[in-house]
Q: 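One structure, pasted below without further comment.
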Number of protein chains: 2
Amino acid sequence: MAQSDTVDRILDAAEELFADRGFSETSLRMITSKARVNLAAVNYHFGSKNALIHAVFGRFLTPFSATLESAFDDLEASCEGTPPTLNQTLWALTESAVRMPQRNERGISIFMRLLGLAYTQSQGHLRKFLEQEYSEPFGRFMRLLKGATPQLSAVDRYWRIQFMLGATAFTMSSSDALQDILRNKLGVETTVQEIAARLVPFLAAGMQAQDAVLIPPTDTNVPVA
Amino acid sequence: MAQSDTVDRILDAAEELFADRGFSETSLRMITSKARVNLAAVNYHFGSKNALIHAVFGRFLTPFSATLESAFDDLEASCEGTPPTLNQTLWALTESAVRMPQRNERGISIFMRLLGLAYTQSQGHLRKFLEQEYSEPFGRFMRLLKGATPQLSAVDRYWRIQFMLGATAFTMSSSDALQDILRNKLGVETTVQEIAARLVPFLAAGMQAQDAVLIPPTDTNVPVA
DNA sequence: GTCTGTTTGAAACATACGTTTGACGCACAT
DNA sequence: ATGTGCGTCAAACGTATGTTTCAAACAGAC
């Protein structure tokens with residue numbers, strides 16, 4: 001055949017190992033031996049380890065950003081002028097992620113982990129690369145958030161978006177470990193879809209919390225409902 | 001003198017480098033050359049790189065957990081039987097963190113970053129070590145959270161605690177970068193204390209969000225106030 | 001001063017890494 | 001049949017890592 005499946009075998013193995021161990025803690029030799037290909041194949045097909053990492057993201061993120069764009073299109077079309085709500089925007093994002101065709105049942109979980117790692121490892125180089133490479137859907141999501149939270153000042157909105165991002169990236173990046181703990185402690189099985197279903201209301205409520213009073217402790221719970 | 005300051009110089013350098021670059025991306029040679037001590041000093045004083053990492057955490061976490069314990073003591077004493085509220089508990093934690101004597105103005109930010117890394121790097125080995133080593137204040141905080149959110153199921157509470165942890169660790173760990181962006185974009189200056197003041201209401205609101213409906217999108221914002 | 005235990009110093013150790021090399025096999029066009 | 005290009009392979013390259021070694025410097029006790 002003109003093109004063997006070596007490339008895909010490498011991508012599959014790399015994706016899984018990166019998610020389990022992080023990028024710099026995963027060597028090319030681990031990847032090639034898991035994929036049962038020759039060590040030199042990575043540099044032959046991808047050029048370098050860094051290019052491999054980018055390729056792993058590209059394989060998922062390029063079709064995902066297309067899916068996301070059309071989900072945003074549908075959402076805005078169905079709203080006819082009025083800006084989509086916060087809940088709708090967040091759900092459009094998570095639905096798009098969950099609906100992506102998966103290579104296996106761990107697919108989503110693996111990829112969320114990779115995104116989380118991209119935000120915390122290698123001094124954020126990967127984060128900058130991804131935000132640049134996919135600035136279109138990224139910027140659009142930010143604009144939707146702005147439209148959905150007109151009551152927030154720009155500064156408040158900025159920080160709260162970081163809080164959301166943090167909760168998401170962190171949770172997803174360690175979702176395997178967290179699921180293990182939950183299984184051992186409470187005997188509960190969890191899917192990534194369920195985590196997302198718990199995360200979205202948390203984020204939406206935090207995003208719409210009453211403005212921060214810059215004076216510390218009160219002696220009653222903040223009324224929420 | 002009986003004991004030189006070599007140990008502290010190593011700890012200072014390691015702390016900063018670990019926070020900037022992660023654990024496995026920081027070599028002993030970087031640490032010793034930044035600390036201007038001999039390479040062998042690390043293995044002589046600490047035994048191994050892993051033991052150094054543990055020592056870095058210990059230097060901050062041991063006094064901090066003492067401060068935290070007494071803050072919790074005060075809080076529970078002032079409540080006389082009735083369980084402290086969520087807001088009070090969260091504030092007791094952040095106050096304790098902010099009030100810690102700092103080696104420099106980046107102190108808090110550096111340490112938050114390290115905690116965040118501990119949860120995401122090295123397959124969670126560090127996380128397990130820390131939760132074991134400081135199970136006392138850790139478990140107590142968890143119990144306080146439980147008392148402050150009796151309406152939540154154990155599973156819901158578990159995940160929301162992870163969300164809080166993620167938002168906090170992520171934000172604090174990249175607070176330097178985030179503050180820079182905000183300064184350049186909106187011309188606003190921010191302190192760690194102000195970030196905390198914005199974070200706590202976000203977390204409290206998310207923690208007390210109405211139970212997750214496991215069915216996706218609605219067409220109205222979730223009512224919050 | 002001399003001895004003793006502790007801390008530093010420069011150098012080497014063994015190992016692992018990402019990358020490169022050059023020979024080899026194989027399909028396919030000529 | 002023959003040559004050409006692509007993919008694979010074992011082996012090596014140079015570099016960087018964590019750790020160890022052993023001699024020298026230093027302190028304080030006698």
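All values below were derived from every heavy atom in this structure, side-chain atoms included, with hydrogens, water molecules and symmetry-related copies excluded. In what follows, every chain begins at residue 1, and chains take the letters A, B, ... in the order their sequences are listed.
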Q: Using whole Å, report how far CZ of A/Arg21 lies from C1' of C/dA16.
A: 13 Å
Q: Aromatic ring centroids of B/Phe170 and A/Phe170 under 6.0 Å?
A: no
Q: Give the rounded distance in Å between these two atoms: CD of A/Glu25 and C1' of C/dA16.
A: 14 Å
Q: Rounded to the nearest angstrom, tell me the gap between atom CG in A/Leu28 and atom P in C/dT20.
A: 11 Å
Q: Flag yes if more than 12 heavy atoms outside A/Glu136 fall under 6.0 Å of its CD atom; otherwise flag no.
A: no
Q: Starting at atom CZ of B/Arg9, determine the distance to atom P of C/dT7, rounded to an integer number of angstrom.
A: 15 Å
Q: Can you identify which nucleotide, out of C/dT19, D/dT19, D/dT21, has its nearest atom closest to the A/Leu39 side chain?
A: C/dT19
Q: Just compare D/dT8, C/dT8, C/dT19 and give me whichever is closest to any side-chain atom of A/Asn43.
A: C/dT19
Q: Check whether any side-chain N or O of B/Ser27 sits under 4.0 Å from OP1 or OP2 of D/dA16, and answer yes or no.
A: no
Q: Could you check whether the rings of A/Phe111 and A/Phe60 sit parallel, tilted or perpendicular, using 30° and 60° as the cut-offs?
A: parallel
Q: More 5' along DNA chain C: B/Tyr44 or B/Arg29, using each one's nearest nucleotide?
A: B/Tyr44
Q: Please report the distance, rounded to the nearest Å, between CG in A/Leu17 and P in C/dC17.
A: 12 Å
Q: In whole Å, I'd like the distance from the CD1 atom of B/Ile31 to the C1' atom of D/dG18.
A: 11 Å
Q: Send over the distance from B/Ile10 CD1 to D/dT19 C1', rounded to a whole Å.
A: 14 Å
Q: Under 4.0 angstrom, heavy atoms only, what part of the nucleic acid is B/Thr26 near: base, sugar-phosphate, or nothing?
A: sugar-phosphate
Q: Taking the minimum atom-to-atom distance to the side chain of A/Thr6, which one of D/dT8, D/dT17, C/dT8 wins?
A: D/dT8
Q: As a test of reading the structure: which of C/dT8, D/dT19, D/dC9 is closest to the side chain of A/Asn38, going by heavy atoms?
A: D/dC9
Q: Go through the steps to decide whether B/Phe202 and A/Phe163 satisfy the test ring pair (Phe, Tyr, Trp, His ring centres under 6.0 Å), and finish with yes or no.
A: CA-CA 8 Å; B/Phe202 178 95; A/Phe163 301 157; 5.1 Å; yes
Q: For B/Gln162 and B/Tyr119, what are the C-alpha separation, side-chain angles and deciding distance, and is it a side-chain hydrogen bond (donor to acceptor under 3.5 Å, both in side chains)?
A: CA-CA 11 Å; B/Gln162 303 305 327; B/Tyr119 265 76; 6.0 Å; no
Q: Could you state the atom-to-atom distance from CD1 of B/Ile53 to P of D/dT17 in whole Å?
A: 14 Å
Q: So, is B/His45 near the phosphate of C/dT6, with a side-chain N or O under 4.0 Å from OP1 or OP2?
A: no
